[in-house]
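Since the structure comes first, as C-alpha coordinates, the remarks are kept for the end.
Every chain is numbered from 1 and lettered A, B, ... according to where its sequence line falls, protein lines coming before strand lines.
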2 protein chains.
Amino acid sequence: MAHPPFAVTVDLVVLTVRSDELCVLLVRRGVEPFAGQDALPGGFVRPDEDLAAAAVRELAEETGLTVGHLEQLASYGAPDRDPRQRVVTVAHLALVPDQPAPTAGTDAEAARWAPVAGLSGLAFDHDRLLADGVERARAKLEYSALGTAFCPPSFTVAQLRRVYEVVWGRDLDPRNFHRKVTGTPGLLEPTGETTTRDGGRPAQLYRRGSADTLHPPLLRTDA
Amino acid sequence: MAHPPFAVTVDLVVLTVRSDELCVLLVRRGVEPFAGQDALPGGFVRPDEDLAAAAVRELAEETGLTVGHLEQLASYGAPDRDPRQRVVTVAHLALVPDQPAPTAGTDAEAARWAPVAGLSGLAFDHDRLLADGVERARAKLEYSALGTAFCPPSFTVAQLRRVYEVVWGRDLDPRNFHRKVTGTPGLLEPTGETTTRDGGRPAQLYRRGSADTLHPPLLRTDA
DNA sequence: GGCTGTTGTCGTCAGCTCGACGATAAGTCG
DNA sequence: CGACTTATCGTCGAGCTGACGACAACAGCC
(Lines give C-alpha, C1' and ligand atoms only; values in the text may rest on other atoms or scores of the structure.)
Protein backbone atom coordinates (compact mmCIF):
# COMPACT_ATOMS: atom_id res chain seq x y z
CA MET A 1 0.00 0.00 0.00
CA ALA A 2 1.65 3.19 -1.10
CA HIS A 3 -0.26 5.70 0.92
CA PRO A 4 0.92 9.11 -0.13
CA PRO A 5 2.64 10.97 2.67
CA PHE A 6 0.70 13.82 4.17
CA ALA A 7 1.88 16.43 6.57
CA VAL A 8 -0.56 17.21 9.37
CA THR A 9 -0.62 20.54 11.10
CA VAL A 10 -2.77 22.26 13.66
CA ASP A 11 -3.81 25.86 13.14
CA LEU A 12 -5.36 28.02 15.79
CA VAL A 13 -8.12 30.59 15.55
CA VAL A 14 -7.56 32.40 18.83
CA LEU A 15 -10.25 34.95 19.51
CA THR A 16 -10.61 37.55 22.20
CA VAL A 17 -12.57 40.72 22.85
CA ARG A 18 -10.36 43.79 23.16
CA SER A 19 -11.54 47.35 23.44
CA ASP A 20 -14.97 46.55 22.06
CA GLU A 21 -13.68 44.62 19.08
CA LEU A 22 -13.47 40.96 18.24
CA CYS A 23 -9.79 40.23 17.66
CA VAL A 24 -7.82 37.29 16.37
CA LEU A 25 -4.25 36.32 17.10
CA LEU A 26 -1.99 36.57 14.04
CA VAL A 27 1.65 35.85 13.44
CA ARG A 28 3.80 37.20 10.66
CA ARG A 29 5.36 34.47 8.63
CA GLY A 30 9.14 34.50 8.47
CA VAL A 31 9.62 31.80 5.87
CA GLU A 32 8.25 30.95 2.48
CA PRO A 33 5.62 30.39 1.36
CA PHE A 34 3.73 33.56 2.15
CA ALA A 35 6.75 35.07 3.90
CA GLY A 36 5.99 38.45 5.42
CA GLN A 37 2.29 37.79 5.31
CA ASP A 38 -0.04 37.37 8.25
CA ALA A 39 -1.23 33.92 9.22
CA LEU A 40 -2.90 32.06 12.01
CA PRO A 41 -0.54 30.47 14.52
CA GLY A 42 0.03 26.77 14.06
CA GLY A 43 2.55 24.11 13.30
CA PHE A 44 3.23 20.50 12.57
CA VAL A 45 1.90 17.72 14.72
CA ARG A 46 4.67 15.66 16.27
CA PRO A 47 4.99 11.93 15.80
CA ASP A 48 3.70 10.93 19.21
CA GLU A 49 1.31 13.77 19.83
CA ASP A 50 -2.43 13.86 19.90
CA LEU A 51 -4.16 16.56 17.88
CA ALA A 52 -5.51 18.35 20.93
CA ALA A 53 -2.11 18.18 22.61
CA ALA A 54 -0.50 19.69 19.55
CA ALA A 55 -2.97 22.55 19.65
CA VAL A 56 -2.26 23.23 23.29
CA ARG A 57 1.47 23.10 22.71
CA GLU A 58 1.39 25.44 19.74
CA LEU A 59 -0.74 27.85 21.65
CA ALA A 60 1.70 27.89 24.53
CA GLU A 61 4.76 28.06 22.30
CA GLU A 62 3.63 30.87 20.14
CA THR A 63 1.69 32.93 22.59
CA GLY A 64 1.93 31.87 26.20
CA LEU A 65 -1.70 32.81 26.57
CA THR A 66 -4.07 31.67 29.24
CA VAL A 67 -6.71 29.77 27.37
CA GLY A 68 -10.36 29.97 28.35
CA HIS A 69 -11.70 27.41 25.93
CA LEU A 70 -10.25 25.21 23.23
CA GLU A 71 -12.11 22.99 20.81
CA GLN A 72 -11.56 21.42 17.45
CA LEU A 73 -13.03 23.43 14.62
CA ALA A 74 -12.63 21.49 11.37
CA SER A 75 -10.04 20.07 9.03
CA TYR A 76 -8.93 21.53 5.74
CA GLY A 77 -7.08 19.53 3.15
CA ALA A 78 -7.48 20.93 -0.34
CA PRO A 79 -4.68 19.45 -2.45
CA ASP A 80 -3.21 22.82 -3.35
CA ARG A 81 -3.59 24.63 -0.05
CA ASP A 82 0.17 24.46 0.57
CA PRO A 83 2.46 24.78 -2.45
CA ARG A 84 5.23 22.79 -0.84
CA GLN A 85 3.51 19.52 -0.15
CA ARG A 86 0.22 17.95 0.70
CA VAL A 87 -0.81 19.33 4.07
CA VAL A 88 -3.96 18.65 6.03
CA THR A 89 -4.56 21.03 8.87
CA VAL A 90 -6.81 20.48 11.84
CA ALA A 91 -8.06 23.89 12.83
CA HIS A 92 -8.86 24.61 16.45
CA LEU A 93 -10.84 27.40 17.99
CA ALA A 94 -9.62 29.05 21.18
CA LEU A 95 -11.42 31.71 23.16
CA VAL A 96 -9.32 33.65 25.63
CA PRO A 97 -9.87 36.59 27.95
CA ASP A 98 -8.48 39.96 27.04
CA GLN A 99 -4.74 39.83 27.66
CA PRO A 100 -1.75 42.03 26.83
CA ALA A 101 -0.08 41.45 23.50
CA PRO A 102 1.39 37.97 23.58
CA THR A 103 5.13 37.51 23.41
CA ALA A 104 6.70 36.42 20.18
CA GLY A 105 7.31 32.70 20.14
CA THR A 106 9.83 30.46 18.57
CA ASP A 107 8.41 29.76 15.14
CA ALA A 108 6.91 33.10 14.40
CA GLU A 109 8.40 36.54 14.19
CA ALA A 110 5.70 38.30 16.13
CA ALA A 111 2.24 37.61 17.45
CA ARG A 112 -0.33 40.34 17.65
CA TRP A 113 -4.05 40.96 18.02
CA ALA A 114 -5.88 42.13 14.93
CA PRO A 115 -9.53 43.13 14.73
CA VAL A 116 -11.50 40.58 12.78
CA ALA A 117 -13.68 43.13 11.04
CA GLY A 118 -12.63 43.56 7.44
CA LEU A 119 -9.63 41.32 7.86
CA SER A 120 -8.49 39.40 4.80
CA GLY A 121 -5.40 38.48 2.86
CA LEU A 122 -4.13 35.89 5.30
CA ALA A 123 -1.74 33.19 4.19
CA PHE A 124 -2.89 29.82 2.89
CA ASP A 125 -6.63 29.33 3.32
CA HIS A 126 -6.59 31.03 6.68
CA ASP A 127 -9.22 33.54 5.64
CA ARG A 128 -11.64 30.68 5.51
CA LEU A 129 -10.47 29.14 8.77
CA LEU A 130 -10.96 32.48 10.43
CA ALA A 131 -14.42 32.94 8.97
CA ASP A 132 -15.44 29.46 10.07
CA GLY A 133 -14.05 30.04 13.54
CA VAL A 134 -15.86 33.32 13.96
CA GLU A 135 -19.09 31.81 12.79
CA ARG A 136 -18.68 28.90 15.19
CA ALA A 137 -18.07 31.28 18.06
CA ARG A 138 -21.10 33.35 17.16
CA ALA A 139 -23.31 30.32 16.96
CA LYS A 140 -22.04 28.82 20.19
CA LEU A 141 -22.78 31.92 22.20
CA GLU A 142 -26.43 31.26 21.54
CA TYR A 143 -26.75 27.96 23.31
CA SER A 144 -23.68 27.63 25.51
CA ALA A 145 -21.99 29.38 28.39
CA LEU A 146 -18.99 30.03 26.19
CA GLY A 147 -19.20 33.78 26.41
CA THR A 148 -17.61 33.50 29.82
CA ALA A 149 -14.47 32.11 28.18
CA PHE A 150 -13.80 35.63 26.93
CA CYS A 151 -14.02 37.03 30.43
CA PRO A 152 -11.49 37.10 33.26
CA PRO A 153 -12.08 34.77 36.21
CA SER A 154 -14.19 37.41 37.90
CA PHE A 155 -16.49 39.57 35.81
CA THR A 156 -19.71 41.53 35.79
CA VAL A 157 -22.88 40.95 33.86
CA ALA A 158 -22.12 44.03 31.80
CA GLN A 159 -18.74 42.64 30.76
CA LEU A 160 -20.38 39.45 29.63
CA ARG A 161 -23.01 41.41 27.76
CA ARG A 162 -20.32 43.46 26.05
CA VAL A 163 -18.81 40.19 24.85
CA TYR A 164 -22.07 39.17 23.26
CA GLU A 165 -22.57 42.57 21.68
CA VAL A 166 -19.09 42.63 20.22
CA VAL A 167 -19.15 39.08 18.90
CA TRP A 168 -22.59 39.44 17.42
CA GLY A 169 -22.17 43.03 16.33
CA ARG A 170 -25.54 43.85 17.77
CA ASP A 171 -26.73 45.69 20.86
CA LEU A 172 -28.59 43.86 23.56
CA ASP A 173 -30.97 45.21 26.14
CA PRO A 174 -29.09 45.36 29.46
CA ARG A 175 -32.15 44.55 31.53
CA ASN A 176 -33.28 41.58 29.51
CA PHE A 177 -29.75 40.25 29.29
CA HIS A 178 -29.33 40.57 33.02
CA ARG A 179 -32.56 38.75 33.64
CA LYS A 180 -31.57 35.96 31.29
CA VAL A 181 -28.07 35.22 32.57
CA THR A 182 -28.86 35.61 36.25
CA GLY A 183 -32.02 33.60 35.84
CA THR A 184 -30.29 30.60 34.29
CA PRO A 185 -29.36 28.28 37.15
CA GLY A 186 -25.71 27.29 37.30
CA LEU A 187 -24.51 29.78 34.74
CA LEU A 188 -23.06 32.39 37.07
CA GLU A 189 -21.94 32.17 40.66
CA PRO A 190 -21.86 35.42 42.60
CA THR A 191 -18.58 36.09 44.35
CA GLY A 192 -20.23 38.51 46.73
CA GLU A 193 -17.89 41.30 45.75
CA THR A 194 -18.56 44.36 43.70
CA THR A 195 -16.57 46.60 41.42
CA THR A 196 -15.92 50.27 41.56
CA ARG A 197 -15.33 52.08 38.35
CA ASP A 198 -15.25 55.65 37.14
CA GLY A 199 -18.96 56.14 37.35
CA GLY A 200 -22.21 54.40 37.88
CA ARG A 201 -23.49 51.94 40.40
CA PRO A 202 -21.06 49.18 41.41
CA ALA A 203 -21.79 45.84 39.83
CA GLN A 204 -21.89 42.38 41.31
CA LEU A 205 -18.97 40.18 40.41
CA TYR A 206 -19.54 36.65 39.19
CA ARG A 207 -17.45 33.70 38.16
CA ARG A 208 -18.29 30.94 35.71
CA GLY A 209 -20.75 28.43 37.07
CA SER A 210 -20.98 24.75 36.38
CA ALA A 211 -23.54 25.01 33.61
CA ASP A 212 -22.10 24.80 30.13
CA THR A 213 -25.29 24.93 28.12
CA LEU A 214 -27.93 27.60 27.88
CA HIS A 215 -31.43 26.18 27.93
CA PRO A 216 -33.39 27.75 26.44
CA PRO A 217 -30.88 29.43 24.15
CA LEU A 218 -30.23 33.13 23.88
CA LEU A 219 -31.10 33.72 20.26
CA ARG A 220 -29.77 36.47 18.09
CA THR A 221 -32.77 37.67 16.17
CA ASP A 222 -32.37 39.12 12.71
CA ALA A 223 -33.16 42.61 13.92
CA MET B 1 12.36 19.85 8.15
CA ALA B 2 11.65 16.19 8.63
CA HIS B 3 7.91 16.21 9.03
CA PRO B 4 6.86 12.75 10.05
CA PRO B 5 4.71 11.11 7.43
CA PHE B 6 1.06 10.74 8.31
CA ALA B 7 -1.57 8.77 6.54
CA VAL B 8 -4.87 10.56 6.18
CA THR B 9 -8.14 8.73 5.86
CA VAL B 10 -11.81 9.61 5.77
CA ASP B 11 -14.27 7.58 7.80
CA LEU B 12 -18.01 7.77 7.40
CA VAL B 13 -20.76 7.67 9.98
CA VAL B 14 -23.71 6.91 7.73
CA LEU B 15 -26.98 7.04 9.59
CA THR B 16 -30.49 6.15 8.55
CA VAL B 17 -33.81 5.35 10.14
CA ARG B 18 -35.00 1.82 9.43
CA SER B 19 -38.02 0.14 10.96
CA ASP B 20 -38.18 2.56 13.85
CA GLU B 21 -34.51 2.28 14.71
CA LEU B 22 -31.54 4.51 14.18
CA CYS B 23 -29.05 2.48 12.14
CA VAL B 24 -25.48 2.94 11.06
CA LEU B 25 -23.69 1.51 8.06
CA LEU B 26 -20.97 -0.96 9.01
CA VAL B 27 -18.50 -2.98 7.00
CA ARG B 28 -16.69 -6.08 8.11
CA ARG B 29 -12.96 -5.70 7.89
CA GLY B 30 -11.19 -8.20 5.68
CA VAL B 31 -7.62 -7.33 6.57
CA GLU B 32 -5.59 -6.75 9.67
CA PRO B 33 -5.73 -4.97 11.95
CA PHE B 34 -9.14 -5.78 13.40
CA ALA B 35 -9.82 -8.33 10.66
CA GLY B 36 -13.27 -9.83 10.98
CA GLN B 37 -14.44 -6.99 13.15
CA ASP B 38 -17.03 -4.36 12.30
CA ALA B 39 -15.92 -0.89 11.36
CA LEU B 40 -17.18 2.28 9.80
CA PRO B 41 -16.63 2.55 6.07
CA GLY B 42 -13.71 4.68 5.03
CA GLY B 43 -10.39 4.74 3.28
CA PHE B 44 -7.29 6.64 2.40
CA VAL B 45 -7.42 10.07 0.86
CA ARG B 46 -5.80 10.16 -2.56
CA PRO B 47 -2.93 12.49 -3.46
CA ASP B 48 -4.98 14.97 -5.45
CA GLU B 49 -8.25 14.66 -3.66
CA ASP B 50 -10.03 17.05 -1.36
CA LEU B 51 -11.32 15.70 1.94
CA ALA B 52 -14.96 16.14 1.00
CA ALA B 53 -14.35 14.52 -2.38
CA ALA B 54 -12.74 11.55 -0.68
CA ALA B 55 -15.75 11.16 1.56
CA VAL B 56 -18.12 11.22 -1.39
CA ARG B 57 -16.00 8.72 -3.29
CA GLU B 58 -15.74 6.30 -0.39
CA LEU B 59 -19.43 6.49 0.20
CA ALA B 60 -20.13 5.67 -3.43
CA GLU B 61 -17.50 2.94 -3.62
CA GLU B 62 -18.52 1.08 -0.54
CA THR B 63 -22.22 1.55 -0.59
CA GLY B 64 -23.62 3.12 -3.71
CA LEU B 65 -26.11 4.92 -1.50
CA THR B 66 -28.09 8.00 -2.33
CA VAL B 67 -26.88 10.54 0.15
CA GLY B 68 -29.24 13.04 1.72
CA HIS B 69 -26.70 15.07 3.64
CA LEU B 70 -22.96 14.97 4.13
CA GLU B 71 -20.87 17.09 6.43
CA GLN B 72 -17.54 16.94 8.13
CA LEU B 73 -17.74 15.70 11.68
CA ALA B 74 -14.32 15.93 13.32
CA SER B 75 -10.80 14.61 13.04
CA TYR B 76 -9.21 11.95 15.21
CA GLY B 77 -5.49 11.47 15.43
CA ALA B 78 -4.42 9.76 18.63
CA PRO B 79 -0.92 8.42 18.07
CA ASP B 80 -1.88 4.83 18.74
CA ARG B 81 -5.24 4.69 17.06
CA ASP B 82 -3.85 2.54 14.24
CA PRO B 83 -1.17 0.01 15.14
CA ARG B 84 0.37 0.07 11.68
CA GLN B 85 1.31 3.69 11.35
CA ARG B 86 0.30 7.17 12.33
CA VAL B 87 -3.12 7.79 10.84
CA VAL B 88 -5.29 10.84 11.13
CA THR B 89 -8.86 10.32 10.06
CA VAL B 90 -11.32 12.99 9.09
CA ALA B 91 -14.71 11.66 10.09
CA HIS B 92 -17.78 12.65 8.10
CA LEU B 93 -21.43 12.36 8.96
CA ALA B 94 -23.90 11.27 6.31
CA LEU B 95 -27.67 11.08 6.70
CA VAL B 96 -29.49 9.01 4.13
CA PRO B 97 -33.07 7.90 3.56
CA ASP B 98 -34.06 4.36 4.32
CA GLN B 99 -32.70 2.18 1.55
CA PRO B 100 -32.25 -1.53 0.92
CA ALA B 101 -29.07 -3.11 2.21
CA PRO B 102 -26.24 -1.59 0.27
CA THR B 103 -24.15 -3.70 -2.04
CA ALA B 104 -20.72 -4.83 -0.92
CA GLY B 105 -18.03 -2.60 -2.29
CA THR B 106 -14.46 -3.09 -3.32
CA ASP B 107 -12.55 -2.58 -0.10
CA ALA B 108 -14.92 -4.19 2.30
CA GLU B 109 -16.37 -7.64 2.48
CA ALA B 110 -19.93 -6.60 3.21
CA ALA B 111 -21.84 -3.52 4.16
CA ARG B 112 -24.89 -3.74 6.37
CA TRP B 113 -27.16 -1.68 8.55
CA ALA B 114 -26.86 -2.15 12.28
CA PRO B 115 -29.01 -0.54 14.96
CA VAL B 116 -27.04 2.02 16.88
CA ALA B 117 -28.59 1.15 20.22
CA GLY B 118 -26.18 -0.80 22.37
CA LEU B 119 -23.65 -1.05 19.59
CA SER B 120 -20.01 -1.25 20.61
CA GLY B 121 -16.83 -3.14 19.88
CA LEU B 122 -16.09 -1.46 16.58
CA ALA B 123 -12.59 -1.42 15.18
CA PHE B 124 -10.12 1.37 15.91
CA ASP B 125 -11.74 4.26 17.77
CA HIS B 126 -14.90 3.95 15.73
CA ASP B 127 -17.06 3.61 18.81
CA ARG B 128 -16.22 7.17 19.61
CA LEU B 129 -16.70 8.39 16.04
CA LEU B 130 -20.10 6.78 16.04
CA ALA B 131 -21.06 8.31 19.37
CA ASP B 132 -19.95 11.74 18.22
CA GLY B 133 -21.83 11.37 14.95
CA VAL B 134 -25.03 10.32 16.66
CA GLU B 135 -24.78 13.17 19.10
CA ARG B 136 -24.18 15.62 16.25
CA ALA B 137 -27.23 14.31 14.42
CA ARG B 138 -29.38 14.57 17.53
CA ALA B 139 -28.28 18.11 18.18
CA LYS B 140 -28.73 19.23 14.60
CA LEU B 141 -32.31 18.05 14.43
CA GLU B 142 -33.11 20.72 16.96
CA TYR B 143 -32.24 23.74 14.93
CA SER B 144 -31.99 22.58 11.34
CA ALA B 145 -34.13 21.01 8.67
CA LEU B 146 -31.84 17.98 8.62
CA GLY B 147 -34.51 15.54 9.65
CA THR B 148 -35.72 15.61 6.07
CA ALA B 149 -32.38 14.12 4.99
CA PHE B 150 -33.58 10.84 6.49
CA CYS B 151 -36.75 10.93 4.43
CA PRO B 152 -37.40 10.00 0.81
CA PRO B 153 -38.00 12.83 -1.67
CA SER B 154 -41.68 12.78 -0.87
CA PHE B 155 -42.82 12.18 2.67
CA THR B 156 -45.53 12.86 5.21
CA VAL B 157 -45.41 14.82 8.42
CA ALA B 158 -45.77 11.60 10.36
CA GLN B 159 -42.71 10.10 8.67
CA LEU B 160 -40.68 13.13 9.61
CA ARG B 161 -41.97 12.95 13.14
CA ARG B 162 -41.04 9.29 13.33
CA VAL B 163 -37.52 10.29 12.37
CA TYR B 164 -37.34 12.72 15.25
CA GLU B 165 -38.78 10.21 17.67
CA VAL B 166 -36.35 7.50 16.66
CA VAL B 167 -33.28 9.71 16.65
CA TRP B 168 -34.15 11.30 19.96
CA GLY B 169 -35.61 8.18 21.51
CA ARG B 170 -38.54 10.17 22.75
CA ASP B 171 -42.17 10.48 21.71
CA LEU B 172 -43.49 13.73 20.32
CA ASP B 173 -47.02 15.02 20.25
CA PRO B 174 -48.31 14.56 16.70
CA ARG B 175 -50.44 17.71 16.80
CA ASN B 176 -47.78 20.01 18.14
CA PHE B 177 -45.20 18.59 15.78
CA HIS B 178 -47.52 19.07 12.86
CA ARG B 179 -48.17 22.65 13.85
CA LYS B 180 -44.46 23.34 14.21
CA VAL B 181 -43.21 21.94 10.92
CA THR B 182 -46.07 23.17 8.79
CA GLY B 183 -45.94 26.54 10.47
CA THR B 184 -42.27 27.13 9.71
CA PRO B 185 -42.13 28.93 6.38
CA GLY B 186 -39.94 27.29 3.76
CA LEU B 187 -39.45 24.06 5.61
CA LEU B 188 -41.94 21.90 3.75
CA GLU B 189 -43.50 22.27 0.33
CA PRO B 190 -46.75 20.43 -0.24
CA THR B 191 -46.81 18.29 -3.33
CA GLY B 192 -50.59 18.26 -3.38
CA GLU B 193 -50.71 14.49 -3.33
CA THR B 194 -51.73 12.20 -0.54
CA THR B 195 -50.89 8.69 0.55
CA THR B 196 -53.04 5.69 1.08
CA ARG B 197 -51.96 3.11 3.58
CA ASP B 198 -53.47 0.20 5.42
CA GLY B 199 -55.58 2.32 7.72
CA GLY B 200 -56.23 5.82 8.81
CA ARG B 201 -56.79 9.06 7.06
CA PRO B 202 -54.53 9.71 4.06
CA ALA B 203 -51.75 12.18 4.71
CA GLN B 204 -50.48 15.14 2.73
CA LEU B 205 -47.19 14.57 0.96
CA TYR B 206 -44.42 17.12 1.22
CA ARG B 207 -40.94 17.59 -0.13
CA ARG B 208 -38.02 19.46 1.42
CA GLY B 209 -38.35 23.21 1.22
CA SER B 210 -35.64 25.78 0.82
CA ALA B 211 -35.22 26.51 4.51
CA ASP B 212 -32.30 24.79 6.13
CA THR B 213 -32.57 26.24 9.62
CA LEU B 214 -35.35 26.01 12.14
CA HIS B 215 -36.05 29.31 13.85
CA PRO B 216 -37.00 29.06 16.61
CA PRO B 217 -35.55 25.62 17.24
CA LEU B 218 -37.49 22.50 18.08
CA LEU B 219 -36.02 21.65 21.47
CA ARG B 220 -35.85 18.25 23.02
CA THR B 221 -36.77 18.82 26.60
CA ASP B 222 -35.38 16.60 29.30
CA ALA B 223 -38.73 14.93 29.90
C1' DG C 1 -74.29 0.40 5.29
C1' DG C 2 -72.92 0.96 10.10
C1' DC C 3 -69.47 0.31 13.55
C1' DT C 4 -64.73 0.37 15.09
C1' DG C 5 -60.09 1.36 14.90
C1' DT C 6 -56.44 4.14 13.03
C1' DT C 7 -54.24 8.14 11.59
C1' DG C 8 -54.10 13.05 10.07
C1' DT C 9 -55.37 17.83 10.92
C1' DC C 10 -57.51 21.86 13.22
C1' DG C 11 -58.52 24.42 17.76
C1' DT C 12 -58.18 25.85 22.46
C1' DC C 13 -56.03 27.23 26.57
C1' DA C 14 -52.72 28.07 30.23
C1' DG C 15 -47.82 28.78 31.17
C1' DC C 16 -43.47 30.34 29.98
C1' DT C 17 -40.12 33.32 27.67
C1' DC C 18 -38.95 37.31 25.27
C1' DG C 19 -38.63 42.13 23.71
C1' DA C 20 -39.67 46.86 24.86
C1' DC C 21 -39.61 49.93 28.32
C1' DG C 22 -40.41 52.48 32.96
C1' DA C 23 -38.58 52.99 37.52
C1' DT C 24 -35.35 52.83 41.15
C1' DA C 25 -30.64 52.06 43.40
C1' DA C 26 -25.97 53.32 44.08
C1' DG C 27 -22.03 54.99 42.88
C1' DT C 28 -18.55 59.26 40.59
C1' DC C 29 -17.72 63.86 39.14
C1' DG C 30 -18.21 68.77 39.20
C1' DC D 1 -26.13 68.85 46.20
C1' DG D 2 -27.39 67.98 41.40
C1' DA D 3 -26.10 65.73 36.97
C1' DC D 4 -24.64 61.71 35.01
C1' DT D 5 -23.68 56.90 34.59
C1' DT D 6 -24.47 52.26 35.27
C1' DA D 7 -26.81 48.28 37.69
C1' DT D 8 -30.89 46.00 38.90
C1' DC D 9 -35.90 45.19 39.54
C1' DG D 10 -40.80 45.27 37.56
C1' DT D 11 -44.41 45.37 34.24
C1' DC D 12 -46.87 44.41 30.15
C1' DG D 13 -48.20 42.36 25.77
C1' DA D 14 -46.87 39.17 22.00
C1' DG D 15 -45.46 34.74 20.62
C1' DC D 16 -44.21 30.03 21.27
C1' DT D 17 -44.97 25.62 23.65
C1' DG D 18 -47.02 21.59 25.83
C1' DA D 19 -51.24 19.22 26.99
C1' DC D 20 -55.26 17.91 25.20
C1' DG D 21 -60.12 17.91 22.96
C1' DA D 22 -62.44 17.52 18.63
C1' DC D 23 -63.19 16.30 14.08
C1' DA D 24 -61.97 14.34 9.34
C1' DA D 25 -60.98 10.63 6.33
C1' DC D 26 -59.60 6.35 5.36
C1' DA D 27 -59.68 0.48 5.92
C1' DG D 28 -61.70 -3.57 7.64
C1' DC D 29 -65.28 -6.28 9.59
C1' DC D 30 -69.90 -7.64 10.65
Check: In whole angstrom, what separates B/Leu219's CG from D/dG15's P?
Finding: 19 Å
Item checked: Rounded distance in Å - CG (B/Leu188) to P (C/dG8) -> 14 Å
Checklist line | A/Trp168 and A/Tyr164 aromatic ring geometry - parallel, tilted or perpendicular at 30°/60° bounds | finding: perpendicular
Next item on the list: Write down the distance between CG (B/Asn176) and C1' (D/dG21), rounded to a whole number of angstrom.
Entry: 12 Å
Next item on the list: Round to a whole Å and report the spacing from CZ of A/Arg161 to P of D/dT8.
Entry: 10 Å
Check: Closest nucleotide of DNA chain C for A/Lys180 versus for A/Arg201: which of these residues is on the 5' side?
Finding: A/Lys180
Check: Would B/Asp98 and B/Thr16 count as having a side-chain donor-acceptor pair, cut-off 3.5 Å?
Finding: no
Next item on the list: Name the closest nucleotide to the B/Pro202 side chain, picking from D/dA25, D/dC20, C/dT9.
Entry: D/dA25
Margin query: Quick one about A/Ser120 and A/Asp127 (side-chain donor to acceptor, distance below 3.5 Å, no hydrogens or angles considered), yes or no?
Written below: no
Checklist line | Worked verdict on A/Asp132 versus A/Tyr76 for side chain to side chain donor-acceptor pair (under 3.5 Å) | finding: CA-CA 11 Å; A/Asp132 290 350; A/Tyr76 301 81; 2.6 Å; yes
Notebook entry, point to check: Around B/Arg136, counting heavy atoms of other residues, nucleotides and ligands shown, do more than 12 lie under 6.0 Å from its CZ?
Noted result: yes
Next item on the list: Whole angstrom is fine here: how far is it from CZ in A/Arg220 over to C1' in C/dC18?
Entry: 18 Å
Item checked: Residue A/Thr196, side-chain heavy atoms: nucleotide from D/dC16, D/dT8, C/dT28 that is nearest -> C/dT28
Note to self: Expressed as a whole number of angstroms, how long is the span from A/Tyr164:OH to C/dG19:C1'?
What the structure shows: 17 Å
Check: Rounding to a whole Å, what distance do you find between B/Leu214:CG and D/dC16:P?
Finding: 12 Å
Note to self: Between the base of D/dG10 and the side chain of A/Arg179, is one N or O donor paired with an acceptor at under 3.5 angstrom?
What the structure shows: no
Margin query: Can you tell me whether the side chain of A/Arg175 and the base of C/dG22 have a donor-acceptor pair closer than 3.5 Å?
Written below: yes
Notebook entry, point to check: Could you give the CG-to-C1' distance, from B/Asp173 to C/dC13, as a whole number of Å?
Noted result: 14 Å
Item checked: A/His178 vs D/dA7: side-chain N/O to OP1/OP2 distance below 4.0 Å -> no
